[in-house]
There are 2 protein chains.
Amino acid sequence: MLTDRQLLIFQVIVDDFIQTAQPVGSRTLSKKEEISFSSATIRNEMADLEELGFIEKTHTSSGRIPSEKGYRYYVDHLLSPQKLNQHDIFKVKSIFAERIYELEKIVQRSAKILSELTNYTSIVLGPAVRDNKLKKIQIVPLNKETAIAIIITDTGHVENRMFHLPENIDAGDLEKVVNILNDRLAGAPIESLNNKLYKEVAVLLRQHINNYDFMLHSIADTIQISAYEKLFFGGKTNMLSQPEFHDIEKVKNLMNMIEQEKGIYDLIRKNKAGINIKIGRENNNSAMENCSLITASYSIGTEQLGTIAILGPTRMEYSRVISLLDYISADLSAVLSKLYQNG
Amino acid sequence: MLTDRQLLIFQVIVDDFIQTAQPVGSRTLSKKEEISFSSATIRNEMADLEELGFIEKTHTSSGRIPSEKGYRYYVDHLLSPQKLNQHDIFKVKSIFAERIYELEKIVQRSAKILSELTNYTSIVLGPAVRDNKLKKIQIVPLNKETAIAIIITDTGHVENRMFHLPENIDAGDLEKVVNILNDRLAGAPIESLNNKLYKEVAVLLRQHINNYDFMLHSIADTIQISAYEKLFFGGKTNMLSQPEFHDIEKVKNLMNMIEQEKGIYDLIRKNKAGINIKIGRENNNSAMENCSLITASYSIGTEQLGTIAILGPTRMEYSRVISLLDYISADLSAVLSKLYQNG
DNA sequence: ATTAGCACTCGTGAACAAAGAGTGCTAACA
DNA sequence: TGTTAGCACTCTTTGTTCACGAGTGCTAAT
């Protein structure tokens with residue numbers, strides 16, 4: 001295993017590189033306060049650290065930079081949680097300062113603040129509507145041919161979709177449909193609606209309405225949209241200021257992935273509760289080669305709701321970002337629980 | 001004024017530069033089919049064109065590139081509308097191929113297709129809800145303290161907002177409020193709602209409901225959101241492939257503006273009906289120095305609804321972009337009119 | 001009026017040198 | 001035996017020079 005001195009040197013290398021983005025050499029290290037031995041000694045230790053795979057050179061006679069394995073070790077063993085300062089805390093609190101009740105808005109604000117505090121790109125996976133319970137379904141006819149179906153969940157999420165009305169349906173029929181739907185489906189988890197719709201509601205509709213199956217499909221369609229969680233971003237352009245992204249090709253790759261959303265969604269979706277850290281190629285995504293992704297989950301009560309994440313260069317201020325994510329996700333969970341639990 | 005020969009030379013310069021992004025010299029020009037005089041002659045003419053401000057050099061002995069004034073002249077006098085090919089038309093038609101009824105979705109698809117066809121960034125200013133008429137207001141209580149207000153317009157736009165309920169309000173009261181609101185406001189333009197709310201509805205509410213003015217403000221708030229049009233983008237990263245944006249600083253400026261939306265909104269909002277072209281500094285925006293913005297409006301019947309635009313480098317394929325915008329905006333208007341007029 | 005010819009300018013890319021930052025290794029030291 | 005000073009070596013960076021090519025403007029001939 002690593003000696004104490006190796007650990008110290010390694011830690012200083014990582015900390016310095018995170019700050020300067022420059023390979024750090026033995027001379028630079030020997031001048032640091034924490035370090036009291038000569039550059040030659042450091043060179044020997046660095047050779048060992050390199051052999052172990054924790055650091056690498058960019059060319060034969062360059063200083064060293066942490067390898068992905070190095071970052072992984074750093075994150076797993078050396079990280080000391082950073083205490084947030086007054087200003088950070090104030091900014092985080094400001095997310096909830098205004099009286100906002102919509103879940104989505106709160107989450108969106110969180111993304112914005114998070115990106116401002118870190119200067120990285122923040123990503124928030126919106127509340128999963130899947131587990132929400134249906135509060136109410138409404139259908140509002142716009143004209144003879146089209147109507148709009150509106151679904152309201154217990155957390156106040158509203159989803160709507162237009163659809164074609166079957167011919168010859170009258171207002172009374174429509175009201176009947178709505179009543180049946182609410183009767184049978186209110187309180188059921190959104191996820192289960194489709195199933196219930198076809199199993200329980202279909203029979204009832206058939207008894208009361210002509211042309212019932214046209215309606216049925218339209219309603220099923222409407223319900224389905226809700227299944228996907230929304231992604232919110234903050235500071236999409238922050239990465240452009242990072243020196244590792246002076247290369248347009250890298251920028252293009254990354255931005256393309258961000259714009260497509262699908263890739264990001266996959267990366268963020270599958271994470272477990274709590275803090276997760278994926279470094280560089282651990283993300284299994286070529287556009288993320290020089291990036292790390294740190295995610296944290298937020299919840300209402302014990303029910304995991306969504307994910308909040310930071311995308312930055314592998315040379316990221318892990319300590320600060322983790323502290324921030326920890327703090328924000330806890331705050332977010334607390335506020336949301338207070339607002340929505342057993343409402 | 002310009003002689004025919006100067007015009008010819010100028011046109012060929014612009015066309016060539018638009019295609020290659022390289023300054024074009026007299027030798028290159030003399031080899032073109034359209035041009036039958038020697039490079040020396042061309043040099044003389046170019047000197048004149050430069051004196052007139054239509055073209056410029058990048059350095060003393062470079063070829064020429066069109067100036068902003070040059071592009072302006074080109075656009076105003078030399079542009080021949082390009083005939084769209086089969087593939088383009090097919091793609092445009094595909095916007096409306098699926099049965100979509102939501103205005104916003106159609107508009108969003110248009111943005112996507114437009115950016116794919118041009119390889120530039122497309123921007124669509126969504127339908128102005130301001131002129132929509134109110135179809136229905138609904139209020140759904142979520143729990144004792146909060147309720148959600150939902151506004152539906154005659155075009156099927158749905159806007160919703162959560163608000164705090166006053167203490168001690170019961171379901172009956174709420175129903176009364178909703179009835180009054182729909183009674184008095186249905187059919188009124190969204191723009192006028194606020195006014196009407198305070199002038200006509202307030203009195204009625206006072207007669208029937210305790211604590212009415214808390215409700216009043218909440219509802220007024222909800223109504224207000226609808227006033228801003230939404231922006232949709234397509235191909236945000238396309239600009240990264242343009243050679244003029246190999247400079248990270250320029251990219252950063254432009255992307256920042258796009259991310260903030262406010263700047264774009266201002267640029268697009270104030271345009272007149274039909275096609276508008278703003279070249280480089282005509283946009284009055286430092287981030288747009290190397291960009292041109294072409295906008296077209298779309299409408300339902302005679303009522304202007306929104307704007308559809310292309311953001312590209314000043315060295316843009318004006319002819320093609322204009323033809324496309326013209327075609328799409330006409331199609332869009334036609335389809336929307338059919339769907340929503342006198343619904 | 002047009003064009004051939006020529007001198008001149010500027011950007012580009014290659015080749016080269018000097019400086020600086022860093023390394024690895026060896027030998028001396030405590 | 002662990003530490004360090006010293007040195008040769010490597011590689012990047014920066015600046016300089018040079019030759020080349022693309023282009024121009026001007027003059028003189030057609």
Side-chain angles (χ1 to χ4, degrees), chain A residues 1-10 12-17 19-67 70 243-244 246-247, chain B residues 1-10 12-17 19-67 70 243-244 246-247:
Chain A
M1 239 5 313
L2 296 184
T3 65
D4 281 359
R5 194 166 66 187
Q6 284 173 329
L7 277 182
L8 173 62
I9 290 177
F10 177 60
V12 177
I13 290 176
V14 178
D15 288 340
D16 189 80
F17 184 70
Q19 243 209 303
T20 65
Q22 296 297 324
V24 7
S26 55
R27 211 184 112 84
T28 320
L29 283 178
S30 71
K31 282 192 182 152
K32 298 249 168 190
E33 275 189 7
E34 307 94 300
I35 286 183
S36 52
F37 18 88
S38 77
S39 62
T41 312
I42 295 171
R43 280 202 290 282
N44 286 328
E45 298 287 29
M46 290 208 292
D48 290 349
L49 283 169
E50 183 170 5
E51 214 159 285
L52 290 166
F54 289 108
I55 56 180
E56 353 175 279
K57 294 192 254 194
T58 59
H59 58 89
T60 33
S61 74
S62 78
R64 304 305 211 290
I65 63 173
S67 66
E244 28 270 279
H246 271 336
D247 175 14
Chain B
M1 240 2 311
L2 296 184
T3 65
D4 282 358
R5 195 166 65 187
Q6 284 172 329
L7 278 182
L8 173 63
I9 289 176
F10 177 61
V12 177
I13 290 176
V14 178
D15 288 339
D16 189 79
F17 183 69
Q19 243 211 302
T20 65
Q22 297 297 325
V24 6
S26 55
R27 210 183 113 82
T28 319
L29 283 178
S30 71
K31 281 190 182 154
K32 298 248 168 190
E33 275 188 8
E34 308 95 300
I35 287 182
S36 52
F37 17 89
S38 77
S39 63
T41 311
I42 296 171
R43 281 202 289 283
N44 287 329
E45 298 288 28
M46 291 207 292
D48 289 349
L49 284 168
E50 182 169 8
E51 213 159 286
L52 291 166
F54 290 108
I55 54 181
E56 352 175 280
K57 294 192 255 193
T58 59
H59 57 90
T60 33
S61 72
S62 78
R64 305 304 211 290
I65 63 173
S67 66
E244 28 271 280
H246 271 335
D247 175 16

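Side chains included, hydrogens not; waters and symmetry mates left out as well; all remaining heavy atoms used. The chains referred to below are lettered A, B, ... by the order of the sequence lines, with proteins before strands, and numbering in each begins at 1.
Within the 4.0 angstrom heavy-atom criterion, only backbone atoms of the sugar-phosphate kind lie near A/Thr28; the bases stay farther away. Among the atoms of the strands shown, only primed sugar atoms or phosphate atoms (P, OP1, OP2) are found under 4.0 Å from some heavy atom of A/Ser62.
With rounding to the nearest 0.5 Å, the separation of CD1 in A/Ile35 from CD in A/Glu33 is 11.0 Å. Considering CZ of B/Arg43 and CZ of B/Arg64, their distance stands at 10.0 Å, rounded to 0.5 Å.
The two residues A/Met46 and A/Gly25 make their nearest non-hydrogen contact at CE-C, 4.2 Å.
Taking 4.5 Å as the limit, some side-chain heavy atom of A/Arg5 sits within range of a side-chain heavy atom of A/Phe37.
Residue A/Arg5 places no side-chain N or O under 4.0 Å from the OP1 or OP2 atom of D/dG2. Contact check, A/Lys31 against C/dA21: no side-chain N or O comes under 4.0 Å of OP1 or OP2. Distances shown here put every side-chain N or O of A/Lys57 at or beyond 4.0 Å from the OP1 or OP2 atom of D/dT12. Phosphate contact (OP1/OP2 of D/dG25, side-chain N/O of B/Arg64, threshold under 4.0 Å): present. Using a 4.0 Å cut-off, no side-chain N or O of B/Thr41 falls inside it from OP1 or OP2 of C/dA1.
Separating the CZ atom of B/Phe17 from the P atom of D/dG23 is a distance of 14 Å, rounded to the nearest angstrom. Between the CD atom of B/Glu51 and the P atom of D/dT24 there is a distance of 16 Å, rounded to whole Å. A straight line from CD of A/Glu45 to P of C/dT23 spans 13 Å, rounded to a whole angstrom. When rounded to the nearest whole Å, the span between CG of B/Asp48 and P of D/dG25 equals 10 Å. The distance between atom CD1 of B/Ile42 and atom P of D/dC26, rounded to the nearest whole Å, is 17 Å. Distance B/Leu29 CG to C/dT3 P: 14 Å, rounded to the nearest Å. Atoms CZ (B/Arg27) and P (D/dT24) sit 11 Å apart, rounded to a whole Å. The CD-P distance, from B/Gln22 to D/dA22, rounds to 12 Å in whole Å.
B/Ile9 pairs with exactly one of B/Thr41, B/Ile42, B/Ile55, B/Asp48 by the side chain to side chain contact (heavy atoms under 4.5 Å, CB included) rule, that one being B/Ile42.
Toward the 5′ end of DNA chain C lies the nearest nucleotide of B/Ser39, the other residue of the pair B/His59 and B/Ser39 mapping further downstream.
The base of C/dT9 lies close enough to the side chain of B/Ser61 for a donor and an acceptor atom to sit less than 3.5 Å apart. For D/dG25, its base sits under 3.5 Å from the side chain of B/Arg43 at one donor and acceptor pair at least.
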